[in-house]
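Input: a single structure, listed below in structure tokens.
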Amino acid sequence: MRLDRAARAAVLAAWANGGSIAAGTLQSVVGATYGANSPPLILSGPSFSCYCLSFSGGVETATPAACGSGCASGQAASYLSLSLSAATPLPIPLPGLPAAVTLSSGGRVRVQ
């Protein structure tokens, strides 16, 4: 639940800023939301990708674009990608299982 809550906080922070937020700021948001680093949090990303979306003949196309630049045609869209993981120790040893299980959360979501 802590991983999901931290990922959700990053998405909301990026969305609230129209997709123009520094990666370091998102890392701070994730760390503050996750809380005490026990077990340690591993954050991959965050990274942004941008596209120009257009709709023609019943088909939507996405053309890669530079983030922060406008689109000659269509609508600009920004996407946030991130992945969080933490190795959580099991409360009791179980035969045939490792001492810790790695949990993860993350994904890719449109923020603008």
key: 4.5 Å side-chain heavy-atom contact, Phe48 and Leu26   = yes
ask   = CG of Leu43 to CG of Leu3: how many Å apart, nearest 0.5 Å?
value = 10.5 Å
query = Any side-chain heavy-atom pair from Arg5 and Val30 closer than 4.5 angstrom?
reply = no
query = Does Thr25 reach the main-chain N or O of Ile21 with its side chain, forming a donor-acceptor pair under 3.5 Å?
reply = no
message = If you define the side chain from C-beta out and look only at heavy atoms, does anything of Leu90 sit under 4.5 Å from Val101?
response = yes
note = When every non-hydrogen atom of Ser85 is compared with those of Thr102, the smallest separation belongs to CB-CG2, 4.2 Å
key: Residue pair Arg108 / Ser81: nearest heavy atoms and the distance that separates them   = CG-OG, 3.4 Å
request  = Return yes if some donor-acceptor pair links the side-chain N/O of Ser69 with the main-chain N/O of Ala65 below 3.5 Å, else return no.
outcome  = no
For the student: nearest non-hydrogen atoms of Pro46 and Leu82, plus distance = CA-CB, 4.1 Å
request  = First locate atom OG of Ser49, then atom CZ of Arg110, and finally report the distance between them rounded to the nearest 0.5 Å.
outcome  = 11.5 Å
query = Are side-chain N/O atoms of Ser54 and Ser73 paired as donor and acceptor at under 3.5 Å?
reply = no
key: Test item: Leu80 and Val11 side chains (from C-beta on) under 4.5 Å apart, heavy atoms   = yes
query = Are any non-hydrogen side-chain atoms of Tyr51 and Tyr79 less than 4.5 angstrom apart?
reply = yes
inquiry  = With heavy-atom distances below 4.5 Å as the criterion, would you say the side chains of Arg2 and Ser105 are in contact?
reply    = no
message = Please determine whether side chain to side chain contact (heavy atoms under 4.5 Å, CB included) holds for the pair Leu41 and Leu84, giving the CA-CA distance in whole Å, both sets of side-chain angles, and the decisive distance to 0.1 Å.
response = CA-CA 7 Å; Leu41 175 68; Leu84 307 169; 4.0 Å; yes
